[in-house]
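Comments concern the structure below.
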Amino acid sequence: MKKHAIIPVFIPHRGCPNDCVFCNQKAITARQSHVDPEDVRNLIEQYLPTLEGRGLETVEVAFFGGSFTGIPIEEQSSFLGVAAEYKQRGLIDKIHMSTRPDYITPEILDNLKRFGADIIELGVQSFDPEVLKASNRGHTAARVYEACELIKDYGFELGIQLMIGLPGDSPEKCIYSARETVKTRPSIARLYPTIVLEDTALSRMYKEGSYHALSTDEALAITKEMYRILAAAGINIIRVGLKSTDLISGSGSSTDRTEGHTYHPAFRQLVEGEIARENLEDQLHEILPATCDGEASARRISFFSNGVSFSNMIGNARRNRIYFEKKYPHITFSFKVDDSLDNMVFEARQE
């Protein structure tokens, strides 16, 4: 059962005058109207009854959709004041926001402390200077490190958002960004393959042929290695890939606002399923005799995961089950639940 809930407050393209090549914030949030503190209050009141009785450990109010700390500090305070009221009443547990590295200063962090904010996610996207420049991020890699240190020094929980496949990017640069993320010691992270949205500079670059959009398979190959690096460091990867929305709904839809072929509605499951398959196959090779690949023995193998990770073990659209049954036709495979295992831990056992 899910133990964590977020009440998302979308403030579209507020506080960010920069024009990153990939950004069409209105298309992502599907929100175009002005948001004021009363809207925040109404949203919280709408959400809270739906969360009762669900055994949740943590409820957050999270300000997304723009660069929250880039809006005037008076406006920040008016939004934060509403969230702080609900936190003081014990109706929510944390206040969460996303912003840019160049909108982190001692003055801003002092104000966030005053209202009891807890989590600051930075849209870092890449630690590579060339990628930042080609993407028109408007800040340097040095500014990223400075912002991370300030956030940690103030005692906030740090989150890092990375993108895969930006202009000037490469698999090596993506892996570098994942390793640099580990050095900043965040508690949470998000991994987003770059999506080409309409009405963006990136869309124009794509149509002109100066930008190559990653295929789903290319994005998968890179993201799974980044996932491994972050997970091994104990970082909680809270999202992999964009959520499905009315505007990003797959090719052919009348509401689809994407170009290229990177978007997949179950991208996280693709990544985690691929990791599960590789992990299980490594264990399978340890079980089977190296000389005959198991033809002479080990004809029944069971794969185990806990209930939460079972769909990853099977794979999106049963791809892992199909893979093993096709590659090893002499073996009978079973996929079973063992709730003594941790999430994303998989075991192969000879029956």
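Worth knowing before you read on, the calculation uses all heavy atoms, side chains too, and leaves out hydrogens, waters and symmetry mates.
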Please step through side-chain contact (heavy atoms from CB on, under 4.5 Å) for the pair Ile301 and Gln350, ending with a clear verdict.
CA-CA 5 Å; Ile301 298 289; Gln350 181 175 343; 4.1 Å; yes

Among Asp338, Asn343, Asp339, find the one that has a side-chain contact (heavy atoms from CB on, under 4.5 Å) with Leu341.
Asp338

Are Val196 and Ser203 close enough that some pair of their side-chain heavy atoms sits under 4.5 Å apart?
yes

Residue pair Ile73 / Glu107, side-chain heavy-atom distance below 4.5 Å:
yes

Tell me whether Glu278 is salt-bridged to Arg228, with the criterion being a basic N under 4.0 Å from an acidic carboxylate O.
yes

Presence of salt bridge, Lys133 and Glu130, under 4.0 angstrom
no

Does any non-hydrogen side-chain atom of Ile238 lie less than 4.5 Å from one of Arg190?
yes

In this structure, CD1 of Ile331 is separated from CG of Leu284 (nearest 0.5 Å) by 5.0 Å

Do the rings of Phe63 and Phe68 sit parallel, tilted or perpendicular, given the 30° and 60° boundaries?
parallel

Would you please test Glu149 and Arg185 for salt bridge (Lys or Arg N to Asp or Glu O under 4.0 Å) and show each step?
CA-CA 9 Å; Glu149 283 304 308; Arg185 298 171 290 116; 3.6 Å; yes

Between Asp169 (side chain) and Ile164 (backbone), is there a donor-acceptor pair under 3.5 Å?
no

What pairs with Ala266 under side-chain contact (heavy atoms from CB on, under 4.5 Å), at least two apart in sequence or on another chain?
His264, Gln269, Asn316

Can you confirm whether Leu51 sits close enough to Ile7 that some side-chain heavy atom of one is under 4.5 Å from a side-chain heavy atom of the other?
yes

Glu274 with Arg277: basic N within carboxylate O range, under 4.0 Å:
yes

I'd like to know if Arg41 and Glu45 make a salt bridge, using a cut-off of under 4.0 Å between side-chain N and carboxylate O.
no

Are the side chain of Asp118 and the backbone N or O of Ile95 linked by a donor-acceptor pair below 3.5 Å?
yes

Holding to side-chain contact (heavy atoms from CB on, under 4.5 Å), I want the full list of residues that pass it with Pro106, two or more places apart in sequence or in another chain.
Leu150, Tyr154

Considering only heavy atoms from C-beta outward, does the side chain of His4 approach that of Glu57 to under 4.5 Å?
no

Under 4.5 Å side-chain linkage, directly or through intermediates, the cluster mates of Leu132:
none

Asn306 side chain vs Ser309 backbone, donor-acceptor pair below 3.5 Å:
yes

In terms of the angle between their ring planes, are Phe335 and Phe303 parallel, tilted or perpendicular, with boundaries placed at 30° and 60°?
perpendicular

Check whether Lys173 reaches the backbone of Gly168 with its side chain - one donor and one acceptor, N or O, closer than 3.5 Å.
yes

Side-chain heavy atoms of Gln76 within contact of Leu112, under 4.5 Å:
yes

Check ion pair Glu272-Lys224 (N to O, under 4.0 angstrom):
no

Salt bridge present between Arg204 and Glu198 (N-O < 4.0 angstrom)
no

Side-chain heavy-atom pair His139, Val144 within 4.5 angstrom cut-off
yes

Let me confirm one number: the OG1-OH distance from Thr194 to Tyr263, rounded to the nearest 0.5 Å.
14.5 Å

Is the His212 to Tyr206 ring centre distance short of 6.0 Å?
no

Flag, side chain of Gln283 to backbone of Phe346, donor-acceptor distance under 3.5 Å:
yes

Any donor-acceptor pair under 3.5 Å linking the side-chain atoms of Ser77 with those of Asn111?
yes

More than 12 non-hydrogen atoms from neighbouring residues, nucleotides or ligands closer than 6.0 Å to CD on Glu157, yes or no?
yes

Of the options Val59, Thr58, Val61, which is the one that meets Lys94 in a side-chain contact (heavy atoms from CB on, under 4.5 Å)?
Thr58

Given side chains that start at C-beta, do those of Cys148 and Leu158 come closer than 4.5 Å, heavy atoms only?
yes

Tell me whether Ser67 contacts the main-chain N or O of Gly70 through its side chain, where contact means a donor paired with an acceptor under 3.5 Å.
no

Check step by step if side-chain contact (heavy atoms from CB on, under 4.5 Å) holds for Ile104 and Leu122.
CA-CA 9 Å; Ile104 294 295; Leu122 292 181; 3.9 Å; yes

